Amino acid sequence: MRSQTLLRLAALGLGLAALQGCSSLRDDAGLTKQPPDEFAVTTKAPLIIPPDFNLRPPSPGAAPLNQTDPTSSAEVAMFNTEDPATVAAQMQGNYSPGEKLLLAHAGVQNADPTIRGQLQSDDKNMQAADSSFTDRILGSPAKAPPPPKGTAAAAPVSTDKSSGGWFDWF
């Protein structure tokens with residue numbers, strides 16, 4: 001009985017192996033590759049031309065009117081194109097003619113007059129910023145807020161022997 005079952009299984013296996021070579025069986029089983037059909041490409045509708053808005057076409061070879069030349073914009077940014085003597089003559093203040101000319105060459109007329117206030121404001125914001133986030137990232141212990149005025153501050157007691165900084169890792 002056992003040998004008959006083994007014989008049947010062997011015959012079934014040989015039959016399946018022989019049928020594996022048949023192309024129709026491969027197609028039915030989905031074992032063949034199906035490459036995409038390059039001729040079945042769909043065409044898209046052509047682009048729509050926008051309305052004219054009564055615009056004139058640009059003249060051939062002319063530079064665009066809405067763009068600046070990169071060379072000239074770099075020159076203006078790098079070098080002061082205004083006459084320094086004219087700028088120095090228009091300066092207010094108690095400066096000698098040499099100082100005025102020096103300031104005109106330095107481009108002081110293009111300086112932002114509110115820059116000192118902006119820098120002071122940024123400095124105050126940095127001093128008032130909470131440093132606990134930085135302390136958590138760097139691994140240093142958080143600092144306790146200062147005691148109110150008029151009270152005696154107790155000396156901090158630390159049981160931790162390490163500083164808690166980056167160099168403790170090495």
Side-chain angles (χ1 to χ4, degrees), residues 1-84 87 104-145 158-170:
M1 178 85 172
R2 186 175 242 181
S3 64
Q4 258 187 346
T5 307
L6 285 176
L7 188 59
R8 285 183 184 170
L9 283 176
L12 181 62
L14 284 173
L16 285 176
L19 287 177
Q20 183 67 24
C22 296
S23 64
S24 63
L25 183 65
R26 285 182 146 202
D27 290 340
D28 292 340
L31 299 175
T32 58
K33 291 184 179 179
Q34 305 236 344
D37 186 11
E38 62 269 7
F39 296 108
V41 177
T42 59
T43 59
K44 294 183 179 180
L47 295 175
I48 299 171
I49 298 174
D52 186 18
F53 293 119
N54 296 326
L55 297 176
R56 295 175 308 194
S59 56
L65 299 175
N66 60 349
Q67 295 178 354
T68 58
D69 179 32
T71 305
S72 63
S73 64
E75 277 182 12
V76 168
M78 296 283 291
F79 309 109
N80 191 3
T81 57
E82 298 177 28
D83 181 32
V87 173
H105 276 290
V108 75
Q109 71 275 9
N110 298 329
D112 185 11
T114 63
I115 190 66
R116 290 180 191 244
Q118 290 175 3
L119 290 175
Q120 288 174 351
S121 171
D122 289 346
D123 189 36
K124 286 179 184 176
N125 290 340
M126 287 298 293
Q127 289 175 357
D130 183 22
S131 63
S132 64
F133 174 75
T134 312
D135 291 338
R136 282 183 282 156
I137 295 295
L138 296 176
S140 55
K143 297 175 183 79
S158 175
T159 59
D160 188 16
K161 302 292 184 210
S162 67
S163 66
W166 280 87
F167 294 107
D168 292 343
W169 294 356
F170 301 108

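Excluded from the calculations below are hydrogen atoms, water molecules and symmetry mates; all remaining heavy atoms, backbone and side chain alike, are included. By convention here, the first residue in the shown sequence is residue 1. Treat the numbers as computed from the prediction; the structure is a model and nothing was measured.
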All side-chain contact (heavy atoms from CB on, under 4.5 Å) counterparts of Asp69, not counting sequence neighbours
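By the side-chain contact (heavy atoms from CB on, under 4.5 Å) rule, Asp69 matches Thr71, Ser72.
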Could you pull out all residues at least two apart from Gln118 that satisfy side-chain contact (heavy atoms from CB on, under 4.5 Å)?
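Gln118 satisfies side-chain contact (heavy atoms from CB on, under 4.5 Å) with Asp112, Thr114, Ile115 once adjacent residues are dropped.
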Enter the distance from Ser121:OG to Met126:CE here, rounded to the nearest 0.5 Å.
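Nearest 0.5 Å value for the OG-CE distance: 12.0 Å.
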If I compare all heavy atoms of Ala104 with all of Pro84, which pair ends up nearest, and what's the gap?
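In terms of heavy atoms, the two residues are closest at CB-O, 3.4 Å.
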